Amino acid sequence: MATAAASVLSPSSANPAPSVSDSDTGSRSSGDEAAGISRASALEDSIFAAYLQICGGHSPSHDLIKIRSFLSAAAGRGGHFVSCLICLERIRPSDPIWSCSSGCHALFHLPCIQNWANQCSYRHSSSSSLHSSSDWHCPKCRDLYARDKIPRSYRCFCGKLEDPPSDPWILPHSCGEVCGRPLRGNCGHECLLLCHPGVCPPCPKLITARCFCGSRKDARRCAQKHFSCNQPCPKLLPCRLHRCTERCHDGRCPPCQVKAFYKCACGKTEEERVCAESDFRCDRPCDGILRCGKHKCSRGCHSGPCGACPLQGRRTCPCGKKEYKGASCDEDVPTCGLTCEKMLSCGLHRCPERCHRGICVETCRIVVFKACRCGSLRKEVPCYQELTCERKCLRMRDCGRHACKHRCCDGECPPCQEICGRKLRCNNHKCPSLCHRGSCAPCPLMVTISCFCGETYFEVPCGVEKNQRPLKCPKTCHVSRLCRHQSQCRPHKCHYGACPPCRIICGEELPCGHMCKHRCHGPIPPPNPEFTLKPKKKKMEKNIGVTPGSACPSCQEIIWVACLGQHLGEERPMVCSKMSQFSCNSLCGNLLACGNHYCTKSCHAVKYQPSSSDGHGSYKDDLAQKHGPSLLDAGSDHAESCEECLLQCQKVREPACSHPCPLPCHSDCCPPCEVLLKRSCHCGAMVHVFNCANYNRLTVEEQQLTRSCRGPCHRKLPNCPHLCSDICHPGQCPSINLCSKKVTVRCACNSLKKEWLCRDVQNLYRQTDRDPKDVVKSLFGIGLIPCNADCKSKVKVADAELQIQKVPVPKGIDVVAAAVTKRRKRRERIQRTPDGPSNPLRNGFHFGLYGLWTGQRFHHPHSTLFLRFRVLFHERWREGLVALGKGLVHGAVKMLSEVGYENLHACWWFNSAERKRF
């Protein structure tokens, strides 16, 4: 047991186990255990002190490991106690023991080994003559001991002291003195350790020794005095021709392997052979003549002369009774005719034949009176024939359990060949030996107690394993984890049973996107078999498969959940697994399909219903970007469509114009305006009709150029009575102060007249501090020339005529006002009447078009509106329309201030209040 344990565990690496006390039920405290371990360590140091001092304080590890294991076993330490292989009981430090000194060095109780040796000696002495030896053998290693070697007294390990005392400061069963036993190799030195169990260590003393070939001398340990210098061996080989080619080695040199051509012994055959096989014989016959010169040599290939003839010398007849002298070697000797009388193979009778050549008969056929082996039958039979009866021997064999039952037994019954089959003390196996007397030998099997991986183990005799514990293996468990943390888990030690559970947070991504924060619940590998001290029975083991992992529990993460409409500030905290949709009861506010207005319903999830006629491709993308998960399909239960926009389009057209779009509210661009515009030319002589969209796309310069009639301007110049002579043009005429028309200038009495240029006339008016604009056309140029003497008579005549005609002469501003044209007067009259029926009506409908945009359906007057007003108001129907427009303005302002835009669709323009007013 100690040997097996030493091959695996060293005292420095094995885990210390609780030491065993003399009491079976007693146990030591942790302090006593630590004290015992320190005392045992000091004890080992004292035993090896002298040896290590000679070795220089260190020794090869394999020299003392085995002895340390024996010391641990003898002291009851090292994780396993020592048991007697005969009685299987624990060997306590105070029990007298015997140690096998030749082979295994196992420990036995002294009474047990004495009983064992006596039984073995008695059994051998009572057996047949073939087994008359009284030697006995060790129960473990089976080494033989003589009968006089049966232990009679309790001695220490080295054998010096009888009945060694039990001292706690020395090794149990030891005398505490130097061992002194001769060391191995017969070097002449003695063991330097204190009295110890097991083999003695190698001799540590330094000696001067030569290598195997003798060419090098070195100082080495006595136990290592035989060494090789690793130089070529200088010895001559047995051929005495060549030297050894090997490096310095122990023992004889190998045969010479040099190849050459050699001849056989007779010299007739030559072959290529190695030097060590140079002496050989060929297969050819010798064919040489013997010394007699008459016979050929019958030997094969040989060296030297053939030798003398074997037929020369004294010659007799075949039976040897008659001698023929002088007979040559080639002459045949005749028979003598007497009885042969040579001893036959039976050794009792002689050959009864006459002298003959060749061998005698093999079987003696002389009839004799014989008795059978057991003596129960006597009969005459030929000498060569053995007489046996059919009687079975009833005597007991040496085992004392089975009868002989051999036919015609001679009394020396053979040993019993039956298998003993009795249950051994281990209670695990049956005795495999032949049937015998006394107690059976201990179970020869050793039980290996190991960890699960088998890397750490020790052996104990069969039957003792029930009191052992599983070893703590320092190796890493080889079972791979099946969960997702295989690379993150810390490795654990080798073990029996199931691996420890993984304690890392699961971390698996849940369907909601969060990570599972529970401990790992993945699949578990099948557990290792449990450690059992009972012998294994041949049963079908159940294959425990992999335990599947459980699904991750529901997510318990607290998240903020937005309402159906994804409104800011309306989020609510919820458990992720119990998350549900809710409405915050605020207005929806989603952009309608028209892309211009917003939904006024309460908070809801948006349902998008694609349509083949829907040309708003970006509407769904806008909703998805804004609402994300709340944009549901049309088949969802929680989805609800936003309200439908029923308003008229209110977009500003491109190019901008004052005409409203005739289409309902839409998201794309408005169609081009098709209204026809009437625009007069710059001079007012012609009216042009333009398409509104085409006209507004033109620049200001292009519009001015398009409106030109391409004819003379014909506009009256403001400073003179003439018309503009330029081509129709916008703005002020360029020739206001540069008119080149000729004007007839007269004196005040109209007697004198001259032709001046119009610009000169205007300059003259300005010099006299008069504005040309204020001069009437009929008086333009009159009075600018001073009258002469001839004009006075003419003035008088003119005054008389004027008085007769009573024509008033305009003066100052009155003259200018009288000359204003009718067109200007009409334009000014229209501008001074803001309360006319058309302007208030136009303002009222303009407000109804752009202000009452929610729920109203009368952006334009109804077709029957004017007819109804004419029936109700007759000639005052225009005033009624004006009152209607003012009422619409007043009602719209009042509703906007009270209920806002969202409830204006409930207010009709022609409600009961307005109907009563009209």
Side-chain angles (χ1 to χ4, degrees), residues 679-687 700-701 704 707-834:
R679 295 289 184 268
S680 62
C681 65
H682 304 299
C683 63
M686 185 184 296
V687 176
V700 177
E701 292 78 7
Q704 298 293 340
R707 289 177 58 183
S708 176
C709 63
R710 308 297 180 185
C713 181
H714 294 302
R715 283 186 293 176
K716 180 183 178 299
L717 296 176
N719 297 332
C720 66
H722 304 113
L723 299 178
C724 181
S725 60
D726 292 336
I727 302 300
C728 182
H729 61 84
Q732 189 177 8
C733 293
S735 58
I736 295 177
N737 298 321
L738 300 175
C739 182
S740 60
K741 296 287 184 74
K742 291 182 179 182
V743 178
T744 301
V745 180
R746 297 177 182 271
C747 64
C749 62
N750 289 330
S751 297
L752 299 180
K753 62 177 180 179
K754 292 181 181 180
E755 287 187 356
W756 286 5
L757 293 178
C758 183
R759 57 177 176 266
D760 295 337
V761 176
Q762 295 179 19
N763 292 332
L764 186 58
Y765 275 122
R766 294 188 185 95
Q767 291 176 4
T768 58
D769 295 331
R770 294 179 63 187
D771 191 0
K773 297 180 182 179
D774 299 335
V775 180
V776 184
K777 180 179 180 182
S778 61
L779 300 179
F780 190 78
I782 297 176
L784 294 179
I785 301 175
C787 293
N788 54 14
D790 297 335
C791 295
K792 293 181 180 180
S793 59
K794 294 181 181 180
V795 169
K796 292 179 180 179
V797 175
D799 290 339
E801 293 177 356
L802 289 173
Q803 290 178 1
I804 294 172
Q805 295 179 2
K806 296 181 181 179
V807 177
V809 179
K811 296 181 180 179
I813 300 175
D814 297 336
V815 176
V816 177
V820 176
T821 61
K822 295 181 180 181
R823 183 188 305 172
R824 183 180 299 176
K825 290 180 180 180
R826 184 168 52 254
R827 186 183 304 117
E828 291 176 356
R829 186 172 59 251
I830 293 174
Q831 292 178 356
R832 290 193 190 104
T833 56

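Both backbone and side-chain heavy atoms feed into the values below; hydrogens, waters and symmetry mates do not. Note that the structure is a prediction, hence the values are computed from the model and not measured.
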Item to check | ring pair (Phe, Tyr, Trp, His ring centres under 6.0 Å) contacts touching residues 715-770 (sequence neighbours left out) | outcome: Y765-F780
To the nearest 0.5 Å, tell me how far [X] [atom1] sits from [Y] [atom2].
| X | Y | atom1 | atom2 | answer |
| --- | --- | --- | --- | --- |
| K741 | L723 | NZ | CG | 6.5 Å |
| L779 | L784 | CG | CG | 10.5 Å |
| R746 | C787 | CZ | SG | 12.0 Å |

What's the shortest heavy-atom distance between [X] and [Y], and which atoms?
| X | Y | value |
| --- | --- | --- |
| C683 | C713 | CB-O, 2.7 Å |
| R759 | L738 | NH1-O, 3.9 Å |
| V761 | G781 | CG1-CA, 4.4 Å |
| C758 | C720 | SG-CB, 3.2 Å |
| P734 | D726 | CG-OD2, 2.7 Å |

All side chain to side chain contact (heavy atoms under 4.5 Å, CB included) counterparts of [X], not counting sequence neighbours:
| X | answer |
| --- | --- |
| P712 | H714 |
| R679 | L677, F690, Y695, R707 |
| E755 | K742, T744 |

Next on the checklist: I'd like to check the side-chain hydrogen bond (donor to acceptor under 3.5 Å, both in side chains) partners of Q732; sequence neighbours left out, ordered by chain and number.
Outcome noted: none
Next on the checklist: The criterion is side-chain hydrogen bond (donor to acceptor under 3.5 Å, both in side chains); which residues satisfy it with N763, sequence neighbours excluded?
Outcome noted: R766
Next on the checklist: I need the single residue from N737, L717, D771 that forms a side-chain contact (heavy atoms from CB on, under 4.5 Å) with Q762. Which is it?
Outcome noted: N737
Next on the checklist: With side chain to side chain contact (heavy atoms under 4.5 Å, CB included) as the criterion, how do C733 and R715 come out once you've worked through the C-alpha distance, each side chain's angles and the decisive distance to 0.1 Å?
Outcome noted: CA-CA 8 Å; C733 293; R715 283 186 293 176; 3.8 Å; yes
Next on the checklist: Would the distance check show the side chain of T768 and the main-chain N or O of L764 forming a donor-acceptor pair, the cut-off being under 3.5 Å?
Outcome noted: yes
